[in-house]
Amino acid sequence: MPRLILLVFGLLFLVAPGATATPAISRLPVSDAAIQRTERIEAELVPMSAWVAPGSTALVAVRQAIQPGWHTYWRNPGDSGGATTLNWTLPTGVRAGDIVWPVPERQRLQSLMNFGYSGTVYLPVPVDIPADARPGSNLPLSVRALFLVCSDEMCVPDELTLTLNLPVRAGAAPLEPVHGPAIQRIVETAPRPAGITARYALQGTALTLSLAGGPLAGSAPERAVFFPFEAGIIAHAAPQPGQRGPDGLTLTLTAGGKATTAGLTGTLAGVLVTDNGAWEIEATPGPALPGTTGGGTLEPTDDPAATGPIDWTGFVQAMVFALLGGLILNLMPCVFPILAMKAASLAASAHNPAEARRDGLAFLAGVLATFLLLAGLLLALRAGGQAIGWGFQLQSPAVIAALALLMLAVGLNLSGVFHVGAGVQGLAGTGPLSRLPGGVGAFFTGVLAVVVAAPCTAPFMAVALGVALLMPAPMALAVFLMLGLGLALPYLAVSLSPALLRRLPRPGPWMDRLKGVLAFPMYGAALWLVWVFSRQIGAEGLALLLASALTLAFALWLFGLAQADRAIDRKGVAPAVTGALALALGTALVVFAVRSPAGAVGADASATALSSAAWSTEAVAAAQAQGRPVLVNFTADWCVTCKINERTALSSPRLAAALEASNAVYLVGDWTRRDDAITRELERHGRSGVPLYLLYAPGADTPRILPQLLTEGVVIDALETPTP
């Protein structure tokens, strides 16, 4: 369980700059190559040759000595992680090329497959030496190497600055005796193009790769595996069965999310590794090449035991946490509007057991279906390489605008401005008892409950979701279904219990008054969503959305007039037509609102009295370098729980004084609009949604995770005793 909770799916530093050369200062201190170390890795910059000649291309390498149990990554890290990046500072005229990547290892963790290195590995880089380099001088090289060093439980970005002074001499140089032979072996065996012709064909999820010619002709390899340069094109962890032929071989791959969702066109590039050698290949679309099958089956690449056992204990714990999280979700502020709708529905059917059972089961079906839909979409996007988290639908201004208008319409319906299903259910034949008729209304109430409840990440729910997203898809979907069951369970229990139903008062005129009262939580939810929309879009979009809301309210009032006319045998054509025109105008206005230029989004300064700065991994590292504690608040404007915590626990003068006394830095990560860096940081700590509160003790790499429901005392106690 801890392995899953702490697993990192990549970090913010993935966008680090590539290998570029920038002019150095005129004189740098000359010193021997220096080994730099962390607890996880040691690294140094070493040459292949004893010296370099003017006008030549030298080879230097970043040597990594990785501690047991840890690993770094290849250019395509696989299902998680991040490639090593190098940023050079070189003398004028010196140019560094790209890394010559050695063949990576396949590193399996649960259902994930990563590509990387362990133990000692050299990453060679060609360096062009200018023709005017003066023999007898030294060329000072410096590189900022950024490694993502991971174990089965955590990942740590280690940044080391490595230096090397290259002697310049005339004539050919011998190998440097310590590291030269190893670098030479890497360069000689590194994958490179070798005249192999490759074709691929995609049918469904089956991606057939046939390769012929070059060193494959007549070589009859026993094993072969393909490493794509681009992540998400194939399912990295899937088996790669294949066949040999007289002129080459064929591999059957499983297409990844990018290939299945966007299709696959153009070139498929990567590295083919066999027991006879490794080569770079570029496959183009086309039929299978002749002579690549019929010579026998390739041996499996993975050891049968490498797939690893299913963590049934972690799965059961995730299921239990999901059930508890769903139950607690009913107490979260963002679910209050749905409680209002469900209360009206339960009251309406309280003394009709058959109707109550139908509504309860329909509500459960709506909840489970929507959880499955959102979970399936989230898992599909993850498989395609997208960095998203739970509540991702509320990062879309279009979804926010649609939900705000829907909440307004529901409130107007509860206020009696218009009726849905009027005459199907009535009180003494005079009016509607529920927002929608029968099981249909209960089902869509369940749908809306999930959509609106998604911004809340209740206790237990966060851990369950974070673990679920690391599990195989069937197990992940089961966890999501258990979360939905927890959300629907109280209503289901009441609807299936005649004894509980009998305790509710009988239907009567009080129910119309109750409906009127329950309309106001819907208006409140609409206002909250409008505020979130304003934070995502800005003033112009807000004005258009408000105009759309006014037009929608006018249209629904006209529809209500038309319904009243028909009730007294009038046609009601004029109000109906006018209402349709107003509805069309409101729809156009909301489209313009969504397309308005986005305003700047930042932390809600009014939400907290604490002085804060924007979160970034660099900001955390800078504060830790100064020996200061760091309190991080990952929040979003659409997360009601976040806002409540910020207006209570995170806005008190006592907490401000405690932060000042401990010399702590307060950072806010705003996830109101999609931010892949924050998404990956949430994943790093086993979360898929906000809120998340982290407290880094001075000098500590791993933060303490604070509860999701904060109190002033919890935060102050954590500051005073920052280690768990």
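For the single chain, residues carry numbers from 1 onward in sequence order.
Rounding to the nearest 0.5 angstrom, the gap separating the CG atom in D670 from the CG atom in N633 is 9.0 Å. Between the CG atom of L481 and the CG atom of L372 there is a distance of 4.0 Å, given to the nearest 0.5 Å. In this structure, OG1 in T274 is found 11.5 Å from CZ in R244, a value given to the nearest 0.5 Å. In this structure, F147 CZ and L160 CG are separated by 5.5 Å, a value rounded to the nearest 0.5 Å. Of the inter-residue distances, the one linking E222 atom CD with T297 atom OG1 reads 10.5 Å to the nearest 0.5 angstrom. Going from atom CZ of R75 over to atom CD of E230 covers 10.5 Å, rounded to the nearest 0.5 Å.
Residues F226 and L268 are in side-chain contact: their nearest non-hydrogen atoms beyond the backbone lie under 4.5 Å apart. The shortest distance between side-chain heavy atoms of Y117 and W101 falls below 4.5 Å. Contact check for N276 versus P215: no side-chain heavy atoms found under the 4.5 Å cut-off. Residues L162 and Q36 form a side-chain contact, since some pair of their non-hydrogen atoms from C-beta on lies under 4.5 Å apart. Side-chain contact check for W615 versus L694: every heavy-atom pair is 4.5 Å or farther apart. Between V632 and P703 there is no side-chain heavy-atom pair separated by less than 4.5 Å. Counting heavy atoms from C-beta outward, T72 and I41 have side chains that approach closer than 4.5 Å. Residues V447 and L373 are not in side-chain contact: their nearest non-hydrogen atoms beyond the backbone lie 4.5 Å or more apart.
Across all non-hydrogen atoms, the minimal contact from Y73 to C150 is OH-SG, 3.2 Å. When all heavy atoms of L148 and P157 are compared, the pair lying nearest together is CD1-N, 4.1 Å. Nearest heavy atoms, P707 versus Y693: O-CD1, 3.5 Å. For the residue pair M482 and M319, the shortest heavy atom distance occurs at CG-O, 3.1 Å. Summarising the geometry of A224 relative to L298, their closest heavy-atom pair is CB-CD1, 3.9 Å, with the distance given to 0.1 Å. Residues A278 and V273 share a closest heavy-atom pair of CB-CG2, 4.0 Å.
A donor and an acceptor atom, one from each side chain of T254 and T205, are nowhere located under 3.5 Å apart. Of the N and O atoms on the side chains of T284 and R199, at least one donor lies less than 3.5 Å from an acceptor on the other residue.
Between F371 and F480, the ring planes are tilted. Angles from 30° to 60° get that label.
The only option from T208, T197, T250 that meets the side chain to side chain donor-acceptor pair (under 3.5 Å) definition with T292 turns out to be T250. Residue I233 forms a side-chain contact (heavy atoms from CB on, under 4.5 Å) with just one option from L253, N76, L264, and that option is L264. When each of H71, E105, Q67 is paired with S118, the side chain to side chain donor-acceptor pair (under 3.5 Å) condition holds for E105 and for no other.
Here the side chain of T38 pairs a donor or acceptor atom with the backbone of R40 at under 3.5 angstrom. Although no hydrogens or angles enter the test, the distance criterion places no donor-acceptor pair under 3.5 Å between the side chain of D247 and the main chain of A212. Counting only distance, with no hydrogens or angles, the side chain of S210 and the backbone of L289 share a donor-acceptor pair below 3.5 Å. Judged purely by atom type and a 3.5 angstrom limit, N87 has no side-chain atom pairing as donor or acceptor with the backbone of R144. Formation of a donor-acceptor pair under 3.5 Å by the R192 side chain with backbone atoms of W279 is not found in this model.
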> Could you go step by step and tell me if E681 and T617 meet the side chain to side chain contact (heavy atoms under 4.5 Å, CB included) rule?
Replying inline: CA-CA 9 Å; E681 188 70 9; T617 53; 4.3 Å; yes

> Between T84 and V62, is a side chain to side chain contact (heavy atoms under 4.5 Å, CB included) present by the stated rule, with each step listed?
Replying inline: CA-CA 10 Å; T84 297; V62 174; 5.9 Å; no

>> Using side chain to side chain contact (heavy atoms under 4.5 Å, CB included), reason through Q64 and L123 one step at a time and then give a plain yes or no.
In response: CA-CA 8 Å; Q64 305 172 53; L123 300 183; 3.2 Å; yes

> Does the pair L487 and L483 meet the rule for a side chain to side chain contact (heavy atoms under 4.5 Å, CB included), with working shown?
Replying inline: CA-CA 6 Å; L487 175 62; L483 180 61; over 6 Å; no

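Taking P285 as the reference, Y200 meet the side-chain contact (heavy atoms from CB on, under 4.5 Å) condition, with sequence neighbours excluded.
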